[in-house]
Amino acid sequence: MKKIKYDIIVYIGTVLLLLLISYFLTSLTRDEIWNYGFSYQMAHGKIPYRDFNMVIGPFYNYLIALFLVPLKNYLFLFSIINSLLFALLLLPISKKLESSYFYFLLFLGILPIPFTYNTFLSFLLILILILEESKIKNKTIFTGIILSLIFMTKQNIGILLFLLFFFYGKEKKKKFFSFSIPCFIFFGFLFYHKIFFHYIDFCYLGLGSFLDNFSIQLPFLLIEVLILWFLGRKYLRTKDLKILYLIGFQSIAFPIIDSNHVLIGGIPVLYYFFVTCKKKEYLKIGKQLLMVSFIVVFLKDLPFSYTTIDSFIKYRRTNPGFDSYFSNITNYVKQKEQEYHVYLLMSNAYLIRLELLEFPNHYDLINRGNLGTNQEKYLNQIQKNCQNQKCLFILDHDYFRKKQRLQNDPIFKDYIVNNYIYLETLASKDQVYTNEK
């Protein structure tokens with residue numbers, strides 16, 4: 001009975017801490033809005049790959065969508081659902097970490113984006129590490145099922161980890177079927193909704209252009225090298241499958257080697273360090289570094305700013321001046337939609353659409369590598385749509401900044417600038433074009 005009470009206390013405490021970190025301490029990011037937007041649309045019956053584009057599997061977003069179905073459009077609910085889900089995954093982790101668990105949670109507070117499919121994957125991998133250490137019956141089956149969930153969430157990580165799982169050791173039939181059966185159900189879902197080939201196009205065939213996003217933040221490249229050096233030395237000594245999983249998971253940082261991806265790749269590594277480290281002085285130094293890092297990240301952005309306008313992101317921590325920008329751009333789009341078909345060819349398109357209670361579409365997420373293999377069809381569709389109606393195009397100001405590495409695909413900027421008429425530049429420096437002379 002005492003053990004159950006303790007687990008409940010740990011669970012509730014974890015939920016509250018995750019909610020505090022995710023909604024009130026870390027700043028709003030586009031990735032958070034995109035993840036919420038995917039789940040929000042699924043909760044309202046929209047079908048991924050057909051009604052909107054994404055380059056990952058839908059499992060994580062459908063899991064969140066299940067709980068969003070009866071709820072209204074509030075980002076806070078997204079944080080609550082994730083906090084409840086992640087705290088549940090963290091419960092067995094807390095039992096393994098014991099006194100180090102608090103410091104493990106501090107590390108989550110350092111992440112630029114606490115709630116994403118990538119973080120979800122890192123916790124699933126830790127569950128596999130726990131299974132590997134356990135004596136539970138049929139753990140091979142459970143591991144195969146978890147790996148299938150990883151595959152259905154992010155296909156490249158799932159395939160890589162499955163190959164390590166399959167070729168290392170025996171029980172190959174059991175490994176194959178435990179992984180394959182959930183995947184066949186998933187493929188059945190795709191065929192049922194007639195989106196299997198859309199899924200292949202977005203998530204596999206179109207990823208060649210995703211490599212154009214390759215970027216490096218030098219400090220985090222060095223951190224990644226240290227992580228791989230640490231894991232490589234460990235594997236040479238132990239030949240342990242768990243370390244191969246951890247090494248394989250580091251591919252999550254490619255092709256964007258930045259703070260978010262490298263730190264998320266470090267979550268299961270930190271767990272492994274806490275569980276296996278025998279030297280108390282190393283543990284002490286690691287905990288002190290985590291404490292200092294959390295405080296530095298917490299203080300560097302003071303004073304905090306929060307959204308106070310009546311919005312679906314109300315009370316979310318944002319950058320100073322965000323309220324003014326957000327009010328102006330959403331009011332502008334709302335006004336123009338009375339006369340024009342408005343294309344939001346900008347990074348904040350999802351944010352604006354969701355605020356206006358509209359469902360985002362393929363034109364609202366135009367990042368490189370997110371449009372499948374035939375990008376030209378989107379331009380052809382614009383030309384067709386705008387032959388018989390008035391169209392307005394808002395181009396992200398990043399398109400016009402010098403020496404700026406664009407995340408948005410430049411084909412849209414080039415096409416609009418060359419084929420339509422400049423109208424005005426907004427206070428946000430976004431440029432507006434129209435097909436109306």
Side-chain angles (χ1 to χ4, degrees), residues 1-26 32 60 63-64 66-68 76-136 139 142-143 145-146 149-150 153 242 245-246 249 263-278 280 282-295 297-298 317:
M1 192 67 178
K2 288 183 179 179
K3 186 177 180 181
I4 295 175
K5 288 183 179 179
Y6 177 78
D7 288 346
I8 293 174
I9 292 172
V10 170
Y11 178 76
I12 294 174
T14 301
V15 169
L16 294 176
L17 184 57
L18 290 176
L19 191 58
L20 175 66
I21 289 171
S22 65
Y23 203 79
F24 299 104
L25 296 186
T26 58
E32 180 182 359
Y60 162 75
L63 188 60
I64 301 300
L66 288 175
F67 301 96
L68 281 176
F76 186 61
L77 297 173
F78 180 71
S79 283
I80 291 176
I81 294 168
N82 273 284
S83 296
L84 293 169
L85 172 63
F86 282 29
L88 193 62
L89 296 174
L90 282 162
L91 197 56
I93 297 172
S94 69
K95 295 177 181 179
K96 297 291 292 185
L97 293 179
E98 297 179 340
S99 61
S100 299
Y101 180 60
F102 172 74
Y103 296 92
F104 184 79
L105 291 180
L106 284 184
F107 184 75
L108 300 182
I110 300 171
L111 299 177
I113 314 169
F115 292 151
T116 70
Y117 51 86
N118 285 328
T119 319
F120 177 67
L121 296 182
S122 71
F123 292 152
L124 291 183
L125 177 57
I126 294 175
L127 294 184
I128 291 175
L129 301 183
I130 293 173
L131 278 172
E132 285 292 323
E133 297 166 354
S134 72
K135 296 180 180 179
I136 188 173
K139 66 180 181 182
F142 291 122
T143 300
I145 292 172
I146 294 175
L149 302 183
I150 292 176
T153 301
K242 295 192 295 294
Y245 284 142
L246 293 172
F249 192 70
L263 291 177
I264 287 177
I267 292 174
V269 179
L270 180 64
Y271 165 83
Y272 179 81
F273 170 75
F274 278 143
V275 168
T276 61
C277 184
K278 305 297 182 183
K280 291 184 178 180
Y282 289 174
L283 283 172
K284 184 177 180 181
I285 292 171
K287 291 175 181 179
Q288 288 173 344
L289 283 174
L290 286 171
M291 181 67 76
V292 171
S293 299
F294 179 81
I295 293 172
V297 169
F298 177 76
R317 183 187 164 188

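Count residues from 1 along the sequence. Just so you know, these numbers come straight off a predicted model, no measurement behind them.
In this structure, K139 contributes its side chain and S134 its backbone to a donor-acceptor pair below 3.5 Å. The main-chain N or O of L90 is never found under 3.5 Å from a side-chain atom of Y11 such that the two would form a donor-acceptor pair.
Two residues are said to be in side-chain contact when any heavy atoms from C-beta on lie closer than 4.5 Å; T119 and F115 fail this criterion. In this structure, the side chains of V275 and L129 stay at 4.5 Å or more apart for every pair of heavy atoms. Side-chain contact between L283 and F273 is present, with heavy atoms from C-beta onward closer than 4.5 Å. Under the 4.5 Å side-chain criterion, counting only non-hydrogen atoms from C-beta, L108 is in contact with L18. Put simply, the side chain of F249 does not reach to within 4.5 Å of the side chain of V269, judged on heavy atoms. Between L270 and Y103, every side-chain heavy-atom pair lies at or beyond the 4.5 Å cut-off. At least one side-chain heavy atom of T143 sits under 4.5 Å from a side-chain heavy atom of Y245. Using a 4.5 Å cut-off on side-chain heavy atoms (C-beta onward), Y272 and I126 make no contact.
What you find for L105 and I21 is that their closest heavy atoms are O-CD1, 4.0 Å. The two atoms that bring C277 and Y282 nearest to each other are SG-CB, 3.7 Å, heavy atoms only. Contact between P114 and F86 at its shortest, heavy atoms only, is O-CE2, 3.9 Å.
Checking I130, D7, V10 one by one against K95, the side-chain contact (heavy atoms from CB on, under 4.5 Å) holds for a single residue, D7. Under the side-chain contact (heavy atoms from CB on, under 4.5 Å) rule, F78 has a single partner from N82, I80, I81, which is N82.
The environment of CZ in F24 is crowded: more than 12 heavy-atom neighbours from other residues, nucleotides or ligands sit within 6.0 Å. The neighbour count for F142 CZ, taken as heavy atoms of other residues, nucleotides or ligands under 6.0 Å away, does not exceed 12. Summarising the local packing, CZ of F107 is surrounded by more than 12 heavy atoms from other residues, nucleotides or ligands at distances under 6.0 Å.
Counted by atom type alone, Y271 and S122 present zero donor-acceptor pairs between their side chains at under 3.5 Å.
Ring geometry for F123 against F104 counts as tilted: the plane angle lies between 30° and 60°, on a 0 to 90° scale.
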